[in-house]
Amino acid sequence: MGAAFRSFCARCCCCCCCEENEPEEKGPLLSSETLLYFDREAKKRRDQETNLWSEPGDPSHSERDDDRELYNLLQKRAKTRRGSQGYRRLSVDIHAMRQVRRGVREKWKMILENLGFMAEAESLLTVSTSASYDRMRNAAAARSLLHTLHSETSIFNSREAPPERYMFILDRLIYLDVAEDFVAKARRFYPKGEEDEDEEPTPTLPLLVKRSSQGTPGEEDEDGLDEEEGSGVEADDDAFIAKSLE
């Protein structure tokens, strides 16, 4: 009886020791809240790269008329049945506005590459939603150069005030001591010709853009809309629209 009891105790002690020595199960390295945060940040970056907001630090996209117009189109399309005629029409207008912005960005990229920034052009042109005027080193000089580019070159496609996002880029170029060279190249490659004076004050876009904005008075004041809802647009939409416009 005593031997059997001692054997039982030995087995129990062994099991207890084994259980105590077992490594604790590791929890997930990243919590669901952290993953959600990174997902939101990635969506914001995609949204910024796709829409090239004129005011990158404006989360409401309502400070500038062109940002507000694009944002309202995106919101309207998000509430429209995908594949319907209305959805396709809105997609054409959105694509047209994006193409105008991409065209301006491509001009900047070409000049930067001509200055020798072949590998750095993309990063120099990237402006995140966290951009702040307080962090700029030469805000006044950058704004002055932006005005010069707008008034003395055709690098921008409109008589409206130039997009503020390019002020942040000029601030970087001033820091790199190449801002004046950039302006000189812009004057050379995109001179302000006499034909610019006769151009329409707004870029050529489908008439539906104006109709959509006029047909929804007060939509920009609508409350409760998610900032990112409908603004992250799938790449296949642009591909479809681009193909249909060929």
Side-chain angles (χ1 to χ4, degrees), residues 33 36-82 86-87 89-105 108 125-136 139-140 142-143 146-147 150 156-172 201-203 205-206 208-235 237-238 241:
E33 291 80 6
L36 185 61
Y37 168 78
F38 284 123
D39 182 66
R40 273 199 309 266
E41 291 302 307
K43 186 175 182 180
K44 285 181 181 179
R45 286 195 296 272
R46 290 194 301 269
D47 178 73
Q48 185 65 247
E49 293 167 2
T50 303
N51 297 312
L52 296 175
W53 299 110
S54 298
E55 291 277 359
D58 171 27
S60 66
H61 309 305
S62 61
E63 292 184 7
R64 276 180 60 101
D65 292 341
D66 56 342
D67 278 353
R68 183 167 61 252
E69 185 174 29
L70 175 57
Y71 181 67
N72 285 340
L73 288 172
L74 289 165
Q75 291 293 332
K76 182 182 293 186
R77 189 176 72 166
K79 299 176 182 178
T80 304
R81 182 174 61 83
R82 187 179 179 87
Y87 187 98
R89 287 179 176 176
L90 290 167
S91 294
V92 169
D93 291 347
I94 292 167
H95 176 80
M97 293 192 72
R98 285 174 172 168
Q99 284 299 97
V100 170
R101 298 179 179 212
R102 289 168 185 162
V104 174
R105 188 179 187 276
W108 281 71
L125 290 170
T126 300
V127 182
S128 68
T129 54
S130 62
S132 170
Y133 296 104
D134 297 334
R135 299 178 185 175
M136 295 180 67
R143 186 175 293 279
L146 185 64
H147 176 74
H150 184 249
F156 296 108
N157 299 343
S158 171
R159 292 181 183 176
E160 297 176 355
E164 291 285 301
R165 66 178 300 108
Y166 291 101
M167 210 174 110
F168 294 96
I169 299 169
L170 285 168
D171 183 62
R172 298 169 185 172
T202 55
L205 297 174
L208 186 59
V209 172
K210 295 181 179 179
R211 292 174 184 169
S212 299
S213 61
Q214 293 173 356
T216 55
E219 184 176 359
E220 63 269 23
D221 297 326
E222 190 171 355
D223 294 330
L225 290 178
D226 188 287
E227 171 192 343
E228 297 171 6
E229 180 185 356
S231 59
V233 180
E234 302 84 347
D237 282 343
D238 280 347
I241 297 300

Evaluate the side-chain contact (heavy atoms from CB on, under 4.5 Å) criterion for residues Arg143 and Asp171: first the C-alpha distance (whole Å), next the side-chain angles of each, then the deciding distance (0.1 Å), finally the verdict. CA-CA 9 Å; Arg143 186 175 293 279; Asp171 183 62; over 6 Å; no

Check Asp67 against Ser54 and note the closest heavy-atom contact, atom names and distance. OD1-N, 3.0 Å

Please evaluate residues Val127 and Gln48 with respect to the criterion side-chain contact (heavy atoms from CB on, under 4.5 Å), reporting the C-alpha separation (whole Å), side-chain torsions for both, the decisive distance (0.1 Å), and the verdict. CA-CA 8 Å; Val127 182; Gln48 185 65 247; 5.8 Å; no

Nearest heavy-atom pair of Ala142 and Met167: which atoms, and what distance? CB-O, 3.6 Å

So, His147 side chain and Ala161 main chain: donor-acceptor pair closer than 3.5 Å or not? no

Phe168 and Pro56: which non-hydrogen atoms are nearest, and at how many Å? CE1-CG, 4.0 Å

Heavy atoms only: give me the nearest Pro163-Leu146 pair and the separation to one decimal. O-CD2, 3.8 Å

Which distance, rounded to the nearest 0.5 Å, do you find between the CG of Leu73 and the OG1 of Thr80? 10.0 Å

Would you call the rings of Phe156 and Trp108 parallel, tilted or perpendicular, taking 30° and 60° as the class edges? tilted

Rounded at 0.5 Å granularity, tell me how far CZ in Arg82 sits from OG in Ser91. 7.5 Å

Close side-chain approach of Leu52 to Arg98, heavy-atom, < 4.5 Å: no

Backbone N/O of Asn51 and side chain of Arg101: donor-acceptor pair under 3.5 Å: yes

Which residues share a side chain to side chain donor-acceptor pair (under 3.5 Å) with Glu49, sequence neighbours left out: none

Taken to the nearest 0.5 Å, the spacing of Ile94 CD1 from Arg77 CZ works out to 4.0 Å

Atom CZ in Arg172, atom CE in Met136: separation rounded to 0.5 Å? 9.5 Å

Closest non-hydrogen atoms of Trp53 and Leu70, given as atom of the first, atom of the second and distance, are CZ3-CD2, 3.9 Å

Is any side-chain heavy atom of Arg64 closer than 4.5 Å to one of Glu69? no

Determine, step by step, whether Asp58 and Arg165 satisfy the salt bridge (charged side-chain N to carboxylate O under 4.0 Å, His left out) criterion, reporting the C-alpha distance in whole Å, the side-chain angles of both residues, the deciding distance to 0.1 Å, and the verdict. CA-CA 11 Å; Asp58 171 27; Arg165 66 178 300 108; over 6 Å; no

